[in-house]
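Just so you know, residue 1 is the first one in the sequence shown, and it goes up from there.
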Amino acid sequence: MKTRRAALATGLAVLPLALAAPASAADTVNFTLDELNNSGASSQATVTANDDGSLHVVLQGSGFVPGQPHAQHIHGDDSGKKFVCPTASADANGDGIITTVEGLPSYGGVFLSLTTKGDTSPDSGLAVDRMPVADANGTINYDRTIPADQVPSGVIDNLSQLHIVQHGIDVNGNDKYDVDALGISQFAKSLGVSGIPEEATDPATCGEVTPAGAVETGAGSTQGTEELPLFALGGTALVGAVGAFAARRRLRSSATA
């Protein structure tokens, strides 16, 4: 009897901690972007969904083609389908390069274009004049709060399932995008844009939320494996917290629609 009471008391002690999470002002996910196509590039990103419906995106990367614009997007869809970053098997024609056309089935279509200003819809997916440009050292620093009226509701609802992809590689090592390397971009051509080098549109990095599916609430950090007993003790409370989180997301989406 004493054992059962002790377990109950421990569970109740965890309950306030679990239920407190959805009440925070913002929800944050962290992305680790690893290289694709041997680009040598990598990035870290933090995406925060604010209560006013806006989305704050901070992205820092290195190893990109210096002085060149790098298109970047949040990929996925609002169906809840699980997408992944492409592996070598996505290289359908076996030429050693995963093109955007070959990668899309893995990481999904464009949800948001991470431009530096103006429109962020998929229509701006190839707006290279508004995409971040790598500095002389190949570094990209991006920081933008996208207003609520430009954030599709599905982005917030599926935040932990989405991916970020950055594009632009330099196959022949001449520090620029040129047609001589891989020819014309078939992806750009399919959208009615001609003359774009394939190098400019091929993915350089791809990343998913780390740890996969984790969502941070408030200023606290994502829970690590050393805290697994906490989850075990407060399992019921956490299920309720997740339900409340989903409901709050739906209400927020309705309010900003």
Side-chain angles (χ1 to χ4, degrees), residues 17-33 43-61 70-83 107-127 129-132 140-166 206-223 238-257:
L17 295 176
L19 293 181
S24 64
D27 301 302
T28 298
V29 292
N30 299 310
F31 292 77
T32 295
L33 283 69
S43 297
Q44 294 289 327
T46 298
V47 179
T48 299
N50 298 314
D51 272 346
D52 64 359
S54 64
L55 203 68
H56 183 204
V57 182
V58 176
L59 195 154
Q60 297 178 320
H70 290 267
Q72 53 185 23
H73 318 98
I74 292 179
H75 288 261
D77 71 8
D78 58 4
S79 69
K81 177 182 177 181
K82 176 63 176 177
F83 288 98
Y107 49 68
V110 175
F111 237 162
L112 274 174
S113 299
L114 298 179
T115 54
T116 56
K117 60 182 180 180
D119 178 62
T120 59
S121 74
D123 291 340
S124 292
L126 291 178
D129 58 322
R130 292 185 288 114
M131 291 293 179
I140 288 178
N141 289 297
Y142 178 84
D143 189 331
R144 183 180 182 187
T145 297
I146 300 171
D149 61 0
Q150 292 192 45
V151 179
S153 60
V155 169
I156 293 178
D157 291 340
N158 297 280
L159 199 59
S160 64
Q161 301 299 323
L162 302 179
H163 288 64
I164 295 179
V165 180
Q166 295 169 293
C206 178
E208 61 185 32
V209 173
T210 53
V215 177
E216 294 182 35
T217 53
S221 60
T222 303
Q223 303 292 343
L238 286 176
V239 169
V242 170
F245 169 78
R248 186 163 68 93
R249 282 284 158 263
R250 289 192 293 271
L251 287 174
R252 181 185 299 171
S253 299
S254 298
T256 58

Chemist: So among Thr32, Leu33, Ile140, which one has a side-chain contact (heavy atoms from CB on, under 4.5 Å) with Ser43?
Modeler: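 With Ser43 as partner, Thr32, Leu33, Ile140 yield a single side-chain contact (heavy atoms from CB on, under 4.5 Å), made by Leu33.
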Chemist: Do Ile74 and Leu55 come within less than 4.5 Å of each other through their side chains, counting heavy atoms only?
Modeler: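 Yes. Closest side-chain heavy atoms under 4.5 Å.
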Chemist: When you compare the side chain of Leu112 with that of Pro152, does any pair of heavy atoms fall below 4.5 Å?
Modeler: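 The answer is yes; the side chains approach within 4.5 Å.
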Chemist: For Asp143 and His56, run side chain to side chain contact (heavy atoms under 4.5 Å, CB included): C-alpha distance rounded to whole Å, both residues' side-chain angles, the deciding distance at 0.1 Å, then the answer.
Modeler: CA-CA 8 Å; Asp143 189 331; His56 183 204; 2.8 Å; yes
Chemist: Looking at residues at least two apart in the chain, or sitting in another chain, which of them share a side-chain contact (heavy atoms from CB on, under 4.5 Å) with Phe83?
Modeler: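 Listed in chain order: Asp77, Lys81, His163.
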Chemist: Go through the steps for Thr116 and Met131 under the test side chain to side chain contact (heavy atoms under 4.5 Å, CB included), then give the verdict.
Modeler: CA-CA 6 Å; Thr116 56; Met131 291 293 179; 5.9 Å; no
Chemist: In a check of side-chain contact (heavy atoms from CB on, under 4.5 Å) between Leu59 and each of Gln44, Arg144, Gln166, which one passes?
Modeler: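 The residue from Gln44, Arg144, Gln166 that satisfies side-chain contact (heavy atoms from CB on, under 4.5 Å) with Leu59 turns out to be Gln166.
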Chemist: Apply the side-chain contact (heavy atoms from CB on, under 4.5 Å) test between Val57 and each candidate in Thr46, Leu114, Thr145; give the one that qualifies.
Modeler: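 For Val57, the side-chain contact (heavy atoms from CB on, under 4.5 Å) test succeeds with only one of Thr46, Leu114, Thr145, which is Leu114.
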Chemist: Looking at every non-hydrogen atom in both residues, tell me the closest pair between Pro132 and Tyr142 and how far apart they are.
Modeler: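 Closest pair (atom of Pro132, atom of Tyr142, distance): CG-CD1, 4.3 Å.
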Chemist: Do Ile164 and Val47 come within less than 4.5 Å of each other through their side chains, counting heavy atoms only?
Modeler: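 Contact flag for Ile164/Val47 side chains = yes.
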Chemist: From Phe31 CZ over to Ser160 OG, what is the distance, rounded to the nearest 0.5 angstrom?
Modeler: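 It comes to 8.5 Å.
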Chemist: Got a second to check how far Asn50's CG is from Ile146's CD1, nearest 0.5 Å?
Modeler: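 Going from the CG atom of Asn50 to the CD1 atom of Ile146 covers 11.0 Å.
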Chemist: Under the side-chain contact (heavy atoms from CB on, under 4.5 Å) rule, collect the residues that match up with Ser124, sequence neighbours excluded.
Modeler: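 Applying side-chain contact (heavy atoms from CB on, under 4.5 Å) to Ser124 gives Ser113, Thr115, Asp119, Ala127, Arg130.
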Chemist: Please name the pair of heavy atoms, one in Tyr107 and one in His75, separated by the smallest distance, quoted to 0.1 Å.
Modeler: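 Looking at all heavy atoms of both residues, the shortest contact is O-CB, 3.1 Å.
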